[in-house]
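Sequence lines set the chain letters: A, B, ... in the order given, protein chains first and strands last, and positions in each chain run from 1.
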Amino acid sequence: MHLVYALHRRSNNKNTSDASLASRPALVLPPSGVAIIMATAFVHSCCNTVSGSNPQRRLPKDSPAASTSTTRRRSRVNLASVARTLSSLVNAGRVREAASLFESTKKPDTFLWNLMIRGYADAELYEEAVHAYRRMRDAGVWADHFTFPFVVKSCANSSSYDDGLRVHAKIIKVGLDSDLFICNSLITMYSKFGLLSAAERVFDEMPARDGVSWNSLVDGYVSNGEGWRSLVCIKHMQEAFGVKLDWFAITSALSACSLELRLEQGKEIHCHAVRNGLESDIKLQTALLDMYCKNGDMVYADRLFGSMSRRNVVTWNALIGGYALNDEPLQAFACAIKMQDDYMIPDTVTLVNLLPACAELRSMDHGKAIHALAIRKGFLPHLILETALMDMYAKCGDLKPSELLFEKMTEKSLVSWNAMIVAYVHNGRNSEALQLFLHLQEGPLGPDVFTISSIIPACAELASLQQGKQIHSYVLRAGYGSDSVVLNSIINMYARCGDLNIARQVFDRMPCRDLVSWNVLIMGYAIHGHGEAALELFSAMKDAGLKPNQSTFTSVLTACSITGLSDEGWLHFDSMQQEHGMSPEIEHYGCMVDLLGRTRDLRAAMDFINKMPLVPTARIWGSLLTAGRNNRNIEVAEFAAEQILRLEHDNTGCYVLLSSMYADAGKREDVDRVMSLMTQKGLHRTAARSLVEFDGKTCSFVNGDKSHAQSDKIHRVSSVLSRKIGEAACDPGAIFDPIDAVTKRANSPSRHSLRLAVVFGLISSPVGSPVLVKKNVRICNHCHRAVKLISGFSGREIIVGDTKIYHHFSNGTCSCGDYW
DNA sequence: TTAGGGTTAG
């Protein structure tokens, strides 16, 4: 406006007063781009007149030198005036009008190019900024120390990795690689690319650094999830270099404390902010609030929030997110209501923060209401909101809306892909998760550490050793071979897929083992029935200086119970409280009930449950049911089943186990009663399925399966083996098998899915090699007895994983000691 | 004319 005012004044009589000009309505209107261009043209003419008014410097009109000199001078003056106009437009954020003026300018110089590139960068038109730089270079105009910070920033924000590297090379070539501003922008660029070592290299090679250099590196660490390195860097900058923490450093430090869950350090930084008079800044207060929320101190967060004199939507969102994060979903919703009383309008972040609260409450109604609100407010499509919605639906157990959202997303980030993969895994749809993982690899987005950590458990659940090996190979190729989170998942996967030897090899070769690594391997030994080895590993873990946690004891007590190491089990259970000051949790009590059941002391098991300081769950009564079943004590089993069904009326496993017991005891009427009760409740027994891998493929068998290409041979061999091990055709167990009782069809144990899978494994693999089979339900008595005998007869090791443990059948015996 | 996070998804 001032510019037009000035221009207008020049175009009119010199005697025109400011007051009279101010009274003209045209002057108070904002200048349009065209008006400015026209005005600029007018200024050119004025300037030309002025420059030609000095008779002392005038050259003969026909002189070539005079002509050239005049042209140059005119050109300089033109550019200077364009620059003023262009600068005004850029500063006003009117980048399109600035571009129009720029394009109409002949031979723009470095200064004008810089202005234009800055205009694009300020308007977040980063790709256009980079394009303008390319045009500048092609036009032969020299880029200077002002040009590069804008260009580097634009490369960083447009994810133009190749351009970024080319620009850096150019900076080195023109000798500007020591410039403070350029180096600072390069640190940020490399951090945004996730190339922290490149950012560090730029930082290290700087001849001089300022606070921005340090803050940029610290921020780079934080934004790449390297909270610890960020805190180390902050300490170093303060102590070794005497750099004071400013607003930026404090906010980065607070984020680092959130990442590393360092509440005490966060409080120290809070004190530092107070000492430096920054505590009244609303942004800093919100950052502090966020730090307290992320560290789980909602009491302090609430107190800080209450003390704030001013709050905005961001502040409210931080508090809502805090309550949702800290498992206080109702408080999160209460805040969302209160914020509206405070005249704050919920935005996309508010809704994104509320969705985990819906998931926590398992309240699809709340989730759907938020979804509807997002649609009504026109927030969709929105990448983060859609991903959060997908996650909410999946956690509420409804995958269909998640799939629809994912399918229809106009833009998908890697986080969206990961969320969908996790959604499948958490809902037991492991095959779909694996398919999606393969699909992801076909596109431009590569899997990251989250993807890998999500997909490995799917392989573990599918018990697909081949798939697991392929994922392991991918992990090594993709450079995640030293990531302890990923490697821990891989150890678990190998153990759950039945190959404990490879699990051990991965563990032994880990560059850095954490507590989880030990816990996972101890559990691996436990589920394979190698109790002694698990306890040896536990001792080695303590010798290595690691302190056991609750999960360690779950693994150790599981090992003791599965292997029947009663004395050791009680020793470790007691040591939890006496030596390590831990209160046993429900899982630990469950292991002890298993242990008591295994020692056949059902009375002690019942007393133990009655004296437990925790309310028994279905898992505890399930252990008692198993104990009753393995000790052939129908009364105890019935009592346990009653307790389970009181807590979980749809527990099909409970019905099946009880009916199996009745069948073993020859109580045909009770079998019928239990099975009809199941039918009345609309429950269905899980169809048994056994998997065995052959030639890199998983072969699946159901009971009586005849779909396999070699079915005739498999059934024939199974019948022969059945006879060889002396399995009677009229086995009383077979007659009263609940499957037969319900289906009323002949289904001899020799045709059970496990038997078919074992036989196929035996005939399709090299003589002497072990056979590995995975089963989706527990092994029935007949198959357990038969596979023991088959292992003796064939001289082969047969490994069968059920839903809980691995049975190693060898020389006619099973590692479970006939208790499972 | 140059560099820098308050809250959000896996």
Side-chain angles (χ1 to χ4, degrees), chain A residues 83 86-87 90-91 110-119 121-122 144-153 156 176 179-189 191-192 209-220 222-223 246-252 254-255 258 281-291 293-294 311-322 324-325 347-356 359 382-392 394-395 405 409 412-423 425-426 447-451 453-454:
Chain A
L86 195 65
S87 177
V90 163
N91 289 337
T110 298
F111 186 82
L112 286 185
W113 278 106
N114 288 351
L115 267 178
M116 199 59 244
I117 294 169
R118 175 166 76 93
D122 286 353
D144 65 5
H145 61 290
F146 287 109
T147 319
F148 287 113
F150 301 129
V151 179
V152 170
K153 176 183 176 176
L176 285 171
D179 182 273
L180 180 66
F181 281 75
I182 293 174
C183 286
N184 288 348
S185 61
L186 282 169
I187 293 169
T188 303
M189 180 187 80
S191 299
K192 286 194 174 165
R209 305 179 191 106
D210 66 357
V212 179
S213 321
W214 283 97
N215 291 346
S216 301
L217 189 65
V218 165
D219 175 47
V222 171
S223 52
D246 63 4
W247 188 94
F248 291 100
I250 288 174
T251 48
S252 291
L254 291 172
S255 295
S258 301
D281 178 277
I282 189 168
K283 290 186 178 178
L284 197 77
Q285 284 178 321
T286 309
L288 281 164
L289 177 70
D290 183 54
M291 183 276 294
C293 288
K294 298 236 170 85
R311 297 152 190 157
N312 57 22
V313 182
V314 182
T315 324
W316 278 101
N317 287 347
L319 190 67
I320 291 169
L325 180 74
D347 62 6
T348 50
V349 179
T350 319
L351 303 196
V352 166
N353 282 346
L354 283 172
L355 286 168
H382 183 284
L383 178 65
I384 295 174
L385 188 49
E386 284 167 313
T387 307
L389 281 165
M390 273 169 52
D391 185 56
M392 178 276 297
K395 283 183 178 152
L405 275 160
M409 278 173 87
K412 289 187 186 89
S413 68
L414 183 56
V415 179
S416 323
W417 283 84
N418 290 348
M420 197 64 235
I421 289 171
V422 167
V425 175
H426 283 176
D448 67 357
V449 69
F450 284 98
T451 329
S453 301
S454 308

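Looking at heavy atoms from C-beta onward, A/N317 lies out of side-chain contact with A/V352 at the 4.5 angstrom threshold. Counting heavy atoms from C-beta on, the side chains of A/M409 and A/T387 come closer than 4.5 Å. Using a 4.5 Å heavy-atom cutoff, the side chains of A/S416 and A/L383 are in contact.
Nucleotide B/dG10 holds its P atom 12 Å from the CG atom of A/L389, rounded to whole Å. As a whole-Å value, the separation of A/K153 NZ from B/dT2 P is 9 Å. Atom NZ of A/K395 and atom P of B/dA9 are 10 Å apart (whole Å). Across the protein-nucleic acid pair, A/L351 atom CG and B/dT7 atom P stand 18 Å apart, rounded to whole Å. What separates CG of A/L180 from P of B/dT2 is a distance of 15 Å, to the nearest Å. The distance from atom CG of A/L186 to atom P of B/dG4 is 12 Å, rounded to the nearest whole Å. In this structure, the CZ atom of A/R118 is 14 Å from the C1' atom of B/dA3, given to the nearest Å. Distance A/I250 CD1 to B/dG4 C1': 14 Å, rounded to the nearest Å.
Counting any heavy atom pair closer than 4.0 Å across all strands shown, A/F148 reaches no nucleic acid atom. Residue-level contact check: A/T451 touches neither bases nor backbone, having no heavy atom under 4.0 Å from any strand. Within 4.0 Å of A/D448, counting heavy atoms only, lies at least one base atom of the nucleic acid. Residue contacts shown for A/V152 are absent, as no nucleic acid heavy atom lies under 4.0 Å away. Using a 4.0 Å heavy-atom distance criterion, A/N114 is classed as a base contact. Within the 4.0 angstrom heavy-atom criterion, only backbone atoms of the sugar-phosphate kind lie near A/V422; the bases stay farther away. A/N353 comes within 4.0 angstrom of sugar-phosphate atoms only, judged by non-hydrogen atoms across all strands, and of no base. When heavy atoms are screened at a 4.0 angstrom cut-off, A/D246 is found touching base atoms of the nucleic acid. Residue A/T315 is in base contact, counting any heavy-atom pair closer than 4.0 Å across all strands shown. Base contact: A/I282 has a heavy atom under 4.0 Å from a base atom.
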- Item | Derivation of the side-chain hydrogen bond (donor to acceptor under 3.5 Å, both in side chains) call for A/D219 and A/S216 | CA-CA 5 Å; A/D219 175 47; A/S216 301; over 6 Å; no
- Evaluate the criterion side chain to side chain contact (heavy atoms under 4.5 Å, CB included) for residue pair A/N114 and A/H145; output intermediate values, then yes/no. CA-CA 10 Å; A/N114 288 351; A/H145 61 290; over 6 Å; no
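In this structure, the nucleotide among B/dT7, B/dG10, B/dT2 sitting nearest to the side chain of A/A318 is B/dT7. When distances run from any side-chain atom of A/S413 to the nucleotides B/dT8, B/dA9, B/dG4, the shortest one goes to B/dA9. In this structure, of B/dT1, B/dA9, B/dG4, it is B/dT1 that holds the atom nearest to the side chain of A/L115. Taking only side-chain atoms of A/F450, from C-beta outward, the nucleotide of B/dA9, B/dG10, B/dT2 with the closest atom is B/dG10. The A/F150 side chain lies nearest to B/dT1 when the options are B/dT1, B/dG4, B/dA9. Taking only side-chain atoms of A/V349, from C-beta outward, the nucleotide of B/dT8, B/dA3, B/dG4 with the closest atom is B/dT8. Proximity note for A/V415 (side chain, C-beta onward) versus B/dG6, B/dG10, B/dA3: the nearest is B/dG10. For A/H382, the side-chain atoms get nearest to B/dT8 when compared with the rest of B/dT8, B/dT7, B/dA9. Distance from the side chain of A/N215 is smallest for B/dG4 among the nucleotides B/dG4, B/dG10, B/dT8.
Not a single donor-acceptor pair, N or O on each side, falls under 3.5 Å between the base of B/dG6 and the side chain of A/N317. A/D281 contributes no side-chain N or O that forms a donor-acceptor pair with the base of B/dG6 under 3.5 Å.
For A/K192 and B/dA3, the shortest distance from a side-chain N or O to OP1 or OP2 is not below 4.0 Å.
For the atom pair CD1 (A/I182) and CG (A/L176), the distance works out to 4.5 Å, reported to the nearest 0.5 Å.
For the residue pair A/T451/A/S454, the side-chain donor-acceptor check at 3.5 Å is not satisfied.
Once the 5.5 Å centre distance and the 30° plane angle are applied, the aromatic ring of A/F146 is found stacked with the base of B/dT1.
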